[in-house]
Protein chains: 2
Amino acid sequence: MALIVQKYGGTSVANIEKINNVADRVIKEYKKGHEVVVVVSAMGDTTDELIGLMKQITDQPNPREFDMLLTTGEQVSIALLTMAIQEKGYKAISLTGSQVKIETDDHHSKAEIMNIDNSRLRNELEEGKIIVVAGFQGINSQDDFTTLGRGGSDTTAVALAISLNADRCEIYSDVDGIYTTDPRIVSSAAKLDYISYEEMLELANLGAKVLHPRSVELAKSYNLKLYIASSFNYRPGTIVEGMDEMEKRKSVTGITYDKDEVKITVQQVPDEPGIAGQLFTRLAENNINVDMIIQNLQHNKENDITFTVNKEDLIKNKEYIMKVSNEIGSDGVEIDQDVAKVSIVGAGMITTPGIAAKMFTALGENKINIQMITTSDIKVSCLINADDADKALEILHESFELDKQ
Amino acid sequence: MALIVQKYGGTSVANIEKINNVADRVIKEYKKGHEVVVVVSAMGDTTDELIGLMKQITDQPNPREFDMLLTTGEQVSIALLTMAIQEKGYKAISLTGSQVKIETDDHHSKAEIMNIDNSRLRNELEEGKIIVVAGFQGINSQDDFTTLGRGGSDTTAVALAISLNADRCEIYSDVDGIYTTDPRIVSSAAKLDYISYEEMLELANLGAKVLHPRSVELAKSYNLKLYIASSFNYRPGTIVEGMDEMEKRKSVTGITYDKDEVKITVQQVPDEPGIAGQLFTRLAENNINVDMIIQNLQHNKENDITFTVNKEDLIKNKEYIMKVSNEIGSDGVEIDQDVAKVSIVGAGMITTPGIAAKMFTALGENKINIQMITTSDIKVSCLINADDADKALEILHESFELDKQ
């Protein structure tokens, strides 16, 4: 008997037919004698509908009230999925984030899990029940509902699996697994059977929307194997696991892109020590995540500092960014929304020289201009014009022979 | 400075425009220097929509999961109303039943409030916030969400007003107050300025849908004055208060009807001592509320027992009722859904003989057949054919001169 945590995303529970399908999948595991904890997101468009109602009132909701509103979405899903399981003749119970006691910090809309009290989960499992948990949500020390932000349901599933010392953690969505690149853009994209946490992290951070980086980080810390697959078929998916458990890999595993970043240039910053530190500290204070950074420092001159942030962060914090850039004595702020980040990722890169050079050459030969570059041990990212993104993906997928899995 | 509890029903918050209207009304009181606690129901059709989703899965939901589903309705309302108040520049906070700690018993869908821990309410009021509380819901000792059943939001408002020792408890809906009878049926129906708890209780029990009997009972126990008015205008409503505070009244205050009852006849019950007790004990065990009862006992014969219950109770418990009637040796059960209960209510009735006789005569003269009769100190009810209900209302309203307020 194993303890399995399964997570189903919003598209997997988008309507009653799909909810019944998830119920069948859950019961299938339960009937094998396993204990099953299921984490679900809000049904399909529910969150958008709630936000639509809200936008008729305000564009800048109080974050606590925003979470109060949004957490109803998963609560509806868990009640309906539980009823569907019960209707098929099996014992089940739904629990919200507050009922499980998924304790988080106070950062509404971006809360982090501090602790999970699994006593109720244990009790309900002992009574032979399938447990259906609301993803994406928790409770802070004041008993207020919090949400975990993007990919929060994945994080809920991974955190529960760790807390319960689960044997498996399975993340189901509308995609079959992790691909070498986006199959909607590059038709020869191939599915990976295995991927390391590190590669997955780079892919997740870089825009592969299958799994949120936070959930991968968490799984990595506790060495929890993840299984990524589709909820609409039983085709094998992708296993995410530690690098040491995996056979030697190609130098590049996957190619990804991100169109959700914007390039911000803080112009004519005075050349004083600590200016960059001051800028990015002030941005961090407002929870703005900065991705790529370029500062081309020339002494005794005023210089530009260029960085990228998520589009959503820009929309929320535009005035704040203007204020901060003013504080540090900048001349003005230039914003370019028309950019995309293309990245190659691979654990084998560390031991294979010349990978970055090969990427730059391939893009250059195809007249794609590189605006910014960042690298890590297992990835190289280039910021390019958004219009070039699809073409870049094709070129790189072919250059690194990813169609030949 | 007064502490005011206001309650707004589902039609009062049916859309964003109406939510903004409620926000304005709440702020109006707050600006006078009062402390305001607002209780709201789910938006208009939300509950029906949730039940619609559920019915695609099951007609007999697990009661705990049903409450899990339904409680999301008010949670959406409180978040949106709070945002609307905040958007207009005032401090506000929303609280669910579980956050207020409205502790109830375990009877899902019909829970009773055991205790309210008002410490959080007090704290938030001290911080100058308008508090928006989800009506209709509470939490049991296992941390599970419960709902209070019909009229639950009224009960929430009254219970909060009592717990906080509020100066006023105002119940707003889409009606202007309490009328002598249903103005949609009898055009000369007149609004009452005052009504006693006792009369209101009879009216509420008998189908005047303005205020749930439980909330009136509760208000009566603590001698809490209620104010019933419309949320769509500022016309004076009706005050519900103790009988001793009121001037001498007419013998009949109001006439009401209830089409939600069904007549059940348990046929050919053996004439043994304790049979009726056994029947109604078994019904009570399943939380079936019985209203009118007739047993025309003839010794040494088998007899029928006839009683009425709410239609909803019948639907939920039909099989159970069949089983119980079988247990006690009955021949069969006959169900008549085509009935209506018409009642006259008035505190002055106690001291005015002949009121019941006048009612029976008026109905009889108009060829309306009376199937069952019950009386109390301040009301007389007749069960008649449903088709005769509107006519009966007109006749009785005229006979007792209620148009001459």
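Lettering of chains follows the sequences in order, A, B, ..., and the numbering in each one begins at 1.
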Most heavy-atom pairs under 4.5 Å with chain A, out of B:Thr82, B:Asn20, B:Ile139, B:Thr71, belong to B:Thr82
Cut-off 4.5 Å, heavy atoms of chain B, and the answer for A:Gln75 is both
NZ/B:Lys32: more than 12 non-hydrogen atoms of other groups inside 6.0 Å: yes
Turns out that what part of B:Ile93 lies under 4.5 Å from chain A's heavy atoms comes down to both
Applying a strict 4.5 Å limit to non-hydrogen atoms, the region of B:Glu87 in contact with chain A is side chain
Subject >> Full working for side chain to side chain contact (heavy atoms under 4.5 Å, CB included) between A:Val76 and B:Leu50 >> reply: CA-CA 8 Å; A:Val76 170; B:Leu50 291 171; 3.9 Å; yes
Is there a salt bridge (charged side-chain N to carboxylate O under 4.0 Å, His left out) between B:Lys101 and A:Asp143? Walk through the geometry before answering.
CA-CA 10 Å; B:Lys101 293 204 172 62; A:Asp143 251 10; 3.3 Å; yes
Max heavy-atom pairs within cutoff under 4.5 Å with chain A, candidates B:Leu95, B:Ile16, B:Asn15, goes to B:Ile16
The interface call for B:Asp144 against chain A, heavy-atom contacts under 4.5 Å, is both
Within a 6.0 Å radius of atom CD on A:Glu17, are there more than 12 heavy atoms belonging to other residues, nucleotides or ligands?
no
Taking atom NE2 as the centre, does A:His107 end up with more than 12 heavy-atom neighbours from other residues, nucleotides or ligands that are less than 6.0 angstrom away?
no
Taking B:Glu65 for the side chain and A:Ser94 for the main chain, is one N or O donor matched with an acceptor at less than 3.5 Å? yes
In this structure, CE of B:Met83 is separated from CD of A:Gln60 (nearest 0.5 Å) by 12.0 Å
In short, B:Met68 meets A:Thr96 closest at the heavy-atom pair SD-CG2, 3.7 Å
Q.
Evaluate A:Phe145 against B:Ser98 for side chain to side chain contact (heavy atoms under 4.5 Å, CB included), listing each step before the verdict.
A. CA-CA 11 Å; A:Phe145 305 148; B:Ser98 69; 4.2 Å; yes
Residue from B:Met54, B:Gln56, B:Arg64 scoring the most non-hydrogen pairs under 4.5 Å with chain A is B:Arg64
Which is it for B:Met43 and A:Leu53 under the side chain to side chain contact (heavy atoms under 4.5 Å, CB included) test, yes or no, and what are the steps along the way?
CA-CA 11 Å; B:Met43 292 172 73; A:Leu53 278 174; 4.3 Å; yes
One should read off an interatomic distance between B:Ile57 CD1 and A:Lys88 NZ, to the nearest 0.5 angstrom, of 9.0 Å
One should read off an interatomic distance between A:Leu80 CG and B:Leu69 CG, to the nearest 0.5 angstrom, of 5.0 Å
